Structures are given as structure tokens and as C-alpha cells.
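Everything on this sheet refers to the single structure shown next.
Just so you know, these numbers use all the heavy atoms, side chains as well, and skip hydrogens, waters and symmetry mates. This structure is a prediction, so every number in the text was calculated from the model and none was measured.
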Amino acid sequence: MNETHAIDYARYDRIRPILWTGQALELLDQRKLPFVVEHVQCHSSDEVAQAIHALAVRGAPAIGIAAAWGVVLAARGIEAGDGAQALQQLEPALQRLNAARPTAVNLAWALARMRRVLAAAGADWREVIEREAQAIAEEDLAANRRMGILGAGLIGAGSGVLTHCNTGSLATAGFGTALGVIRAGVAQGHVARVFADETRPWLQGARLTVWELQQDGIDATLIADSAASHLMKTGAVQWVIVGADRICANGDTANKIGTYQLAIAARHHGVKFMVVAPASTVDMDTASGEQIEIEQRDPGELFGIGGTRTVAEGIQAWNPVFDVTPADLIDALVTERGVIERPDAAKMRAAFG
Ligand code: MRU
């Protein structure tokens, strides 16, 4: 049987974080989920940049898609005879979008795509960039569905999986990357148990991932981040499955803080480690993880939970929000182009060179 037909996408893909209305960009406000379902309306590219920076929209592919629509919004304010002229005027807005967050390469990738089509566009440049933003979103959804099938195919029947952060529909155009693999794996009967890390300090796992899975009717068990090694020792999980914010030319992968320690613990316990990300997350211009800029956020994110302060005044905190997992801890890298087992520079070059 063709396994793509086994997945009921109407059941397993219900949430859309980004909606282009033709006039404005509506972003499902991920700071407020799960108890408040509210949308942020962006009418300008600077509002989109602010929404990205403030994590109203988050997740590497979703940030790229939102930025592409941000360019469409920026274009509203200018007059130009062709795309090249428009690009000149739009460049400051593109740079402000690009500066909204540093680690996820999908942001720069989407803006580079918008630049490229603008540079070549004629008098119809407005339609050209709107079509390109739409294409970026549609291609992301298609990539996620393809990766879901590929990744689920690696998982043995009856397996338990652990995921980190939120890599689902909320973080993408839909379906998700690592969470897409988990959705496909559940649909196909390969995944029997799903565990999700809380993902301190912003609680993407606790607030977003288990809520998303609940919408699909998928049971998930929430664990404290610090319970992960203990869980692996019990034998309940066979795969750790995570997304990525930037994958380097040698396979080193930046993802949500805490991913690296999961990869170390997985190797120690004989648990397999899978990274799932579209080709738009691959950055062949960055040789290795040392060159990735790791976003540092306000230490205040560590001082409390849900707006209630839990830490004494006058305490210092360090808040890097991504880390880098070295390629040799990755058992499988899944993109829409296929599966790379034990990625390294040569295999990356062959797939993405
Ligand atoms: O800070 P966030 O929530 O944007 O971080 C998100 C992650 O680290 C995800 O794992 C990654 O972007 C992949 S999302 C498909």
C-alpha cells in the first residue's frame, strides 16, 4: 500500500498559524496558547518583524513564511516601475525583518528568495512577490508531508518517541517537521508512545506541542526536561525526534536549547536521534556549528513562569535559546529530499552541494 494514503490529513493537520487575508497577515499568537486563541494582525513589515522577535510567530519555517509576507506588506508603501527598483526601496525593510531573530536560517533563506524574484521581476513585481510568498508556504507544507512519510518509515512498529520544543503545524505552514514524522508514525501504527519535553524556559512543549497533539486525538505524555535521561533508561523511547533551526555543511545542527543534551543522552542509552527539517533549513554556507550565531534572549525569561516571579531579585541568569548538536550524534537527518544516515560533510555535499 502507498503509505501516503494512510494519513488522514484532515485529522492530523488542523492548525494554521499564518493566514494571509489579502490585506493583512494574521498570526496565531503563540505567546497566549493554549488557553487564549487570539490572532495578531500585521499591516506592516515592521509589525511582522516585531511579531517574529516577540515569538508571536515562531519555529524556523513559520518565521521564514511570515517574513516573506512581511515583504509583501512592505511593498504596499512604495511605488516602483519594476522589481529591481522596488528591491532598492524595500532593502531597509528586508534588513529589519532579517534582524528579527538570528539563528533560524529559514528567515534569511525566505528573504533571499524574495530578493531573487524581485530582482528579475518586471512591472508585475507586486503579483510576483505575492505568488512567491504563497509558494514558500505551499512548498513547506508539501515538504512536511513528504518528511512525515520518510521519517515514519525509519521507526519500528510499536516504538516510543520523545520530542523537544514545538515543531508542529504551529511552527510551519502545517503538519510540522519532527511532529509531522510523529503524526505520520502514529497514523501508520509505528509510534505507540509519544513523550514531549516541557522545553524551558518558554514551554513550547508544554504549552504548544501537547496541545497540538490533543487537537489530533494523539495521546502525549509531558515530561520535565530534566526527566529525559531517566525516561530513556526505562526503555520507553526508541527515537528522539527533533526539528532544526540551521543545519550546517558538515551536518552540525542548531535547534532549541536542550537538544544537544538529549542527543548525548540518546547515544548513551542506545536511543536513535532523528533531525527533521526542510531543505530551507540547510545552510551550506556555514561550515560547522561553531559559526552559528546563537540567539541570547532576555534573562528575565528564566525568572518566572506565566508572569509570576519565582526567582529572588538580584539573581543573574544566562539564556541562550538554541544549542548545536554535532553531526556525529545524529543517526538520521530527514529532509524532503530524502534520508541521510549519520550525516557528514561529504553526504551533505552530495545532497545539497
Ligand atoms: O524559539 P523557537 O520556538 O522559535 O524555536 C523553535 C525550534 O527550536 C524548533 O525546533 C525549530 O525551529 C524547528 S520548527 C519546525
Is it the case that over 12 heavy atoms from other parts of the model lie below 6.0 angstrom from the [atom1] atom of [X]?
| X | atom1 | answer |
| --- | --- | --- |
| D219 | CG | no |
| Q88 | CD | no |
| Y260 | OH | no |

Is there a side-chain contact between [X] and [Y], using heavy atoms and a 4.5 Å cut-off?
| X | Y | value |
| --- | --- | --- |
| R14 | D216 | yes |
| T286 | V105 | no |
| L141 | Y9 | no |
| D29 | V36 | no |
| V324 | E290 | no |
| D252 | I247 | no |
| Q238 | V271 | no |
| N255 | T325 | no |

Self-check item: Residue pair Q95 / E91, side-chain donor-acceptor N/O under 3.5 Å
Solution: yes
Quiz item: Between N106 and S280, does any side-chain donor sit less than 3.5 Å from a side-chain acceptor?
Solution: yes
Minimum-distance pair of heavy atoms, taken over all atoms of [X] and [Y]:
| X | Y | answer |
| --- | --- | --- |
| L107 | L97 | CD2-O, 3.5 Å |
| V40 | A56 | CG2-CB, 4.2 Å |
| M348 | A249 | CB-O, 3.2 Å |
| I294 | P320 | CG2-CB, 4.0 Å |

Do side-chain atoms of [X] reach the backbone of [Y] as a donor and acceptor pair under 3.5 angstrom?
| X | Y | result |
| --- | --- | --- |
| H43 | A24 | no |
| K347 | E341 | yes |
| D225 | G258 | no |
| K256 | V321 | yes |
| R297 | N319 | no |
| Q89 | E79 | yes |
| H164 | I257 | yes |
| T103 | E293 | yes |
| H39 | E26 | no |
| T172 | A62 | no |

Quiz item: Is L170 reachable from I52 through a run of I, L, V, M, F, W or Y residues, each pair having side-chain heavy atoms under 4.5 Å apart?
Solution: no
Exercise. Group every Ile, Leu, Val, Met, Phe, Trp and Tyr by side-chain heavy-atom contacts under 4.5 Å, then state whether M274 and L333 land in the same group.
Key: no
Quick check for you: to the nearest 0.5 Å, what is the distance between [X] atom [atom1] and [Y] atom [atom2]?
| X | Y | atom1 | atom2 | answer |
| --- | --- | --- | --- | --- |
| I15 | L28 | CD1 | CG | 7.5 Å |
| Q316 | F303 | CD | CZ | 8.5 Å |
| T253 | D283 | OG1 | CG | 11.0 Å |
| E132 | R116 | CD | CZ | 7.5 Å |
| L179 | T209 | CG | OG1 | 6.0 Å |
| E47 | Q50 | CD | CD | 9.5 Å |

Exercise. Kindly assign one of parallel, tilted or perpendicular to the pair W20 and W69, based on the angle between their ring planes and the thresholds 30° and 60°.
Key: parallel
Quiz item: Does the side chain to side chain contact (heavy atoms under 4.5 Å, CB included) test come out yes or no for L90 and R115, once each step is laid out?
Solution: CA-CA 9 Å; L90 286 170; R115 273 196 190 90; over 6 Å; no
Under a 4.0 Å N-O cut-off, is there an ion pair linking [X] with [Y]?
| X | Y | value |
| --- | --- | --- |
| D46 | R96 | yes |
| E212 | R183 | yes |
| R16 | D13 | yes |
| R342 | D328 | no |

Quiz item: Relative to W202, does R207 satisfy both conditions: NZ or CZ under 6.0 angstrom from the six-membered ring centre, and within 45 degrees of the ring's axis?
Solution: yes
Exercise. In sequence, state the C-alpha distance, the side-chain angles, and the governing distance for I223 and D197, and then conclude on side chain to side chain contact (heavy atoms under 4.5 Å, CB included).
Key: CA-CA 5 Å; I223 62 164; D197 278 343; 3.3 Å; yes
Exercise. For F273, check ring pair (Phe, Tyr, Trp, His ring centres under 6.0 Å) against everything at least two apart and list the hits.
Key: none
Exercise. Could you walk me through whether T167 and V276 pass side chain to side chain contact (heavy atoms under 4.5 Å, CB included), step by step?
Key: CA-CA 9 Å; T167 61; V276 188; over 6 Å; no
Quiz item: Going through the distances and angles, do I155 and V181 end up as a side chain to side chain contact (heavy atoms under 4.5 Å, CB included)?
Solution: CA-CA 9 Å; I155 302 171; V181 167; 3.9 Å; yes
Practice problem: Start with the C-alpha gap between R58 and Q30, add the side-chain angles, then the distance that decides, and say whether side chain to side chain donor-acceptor pair (under 3.5 Å) holds. | Solution: CA-CA 8 Å; R58 47 143 300 282; Q30 303 194 29; 2.8 Å; yes
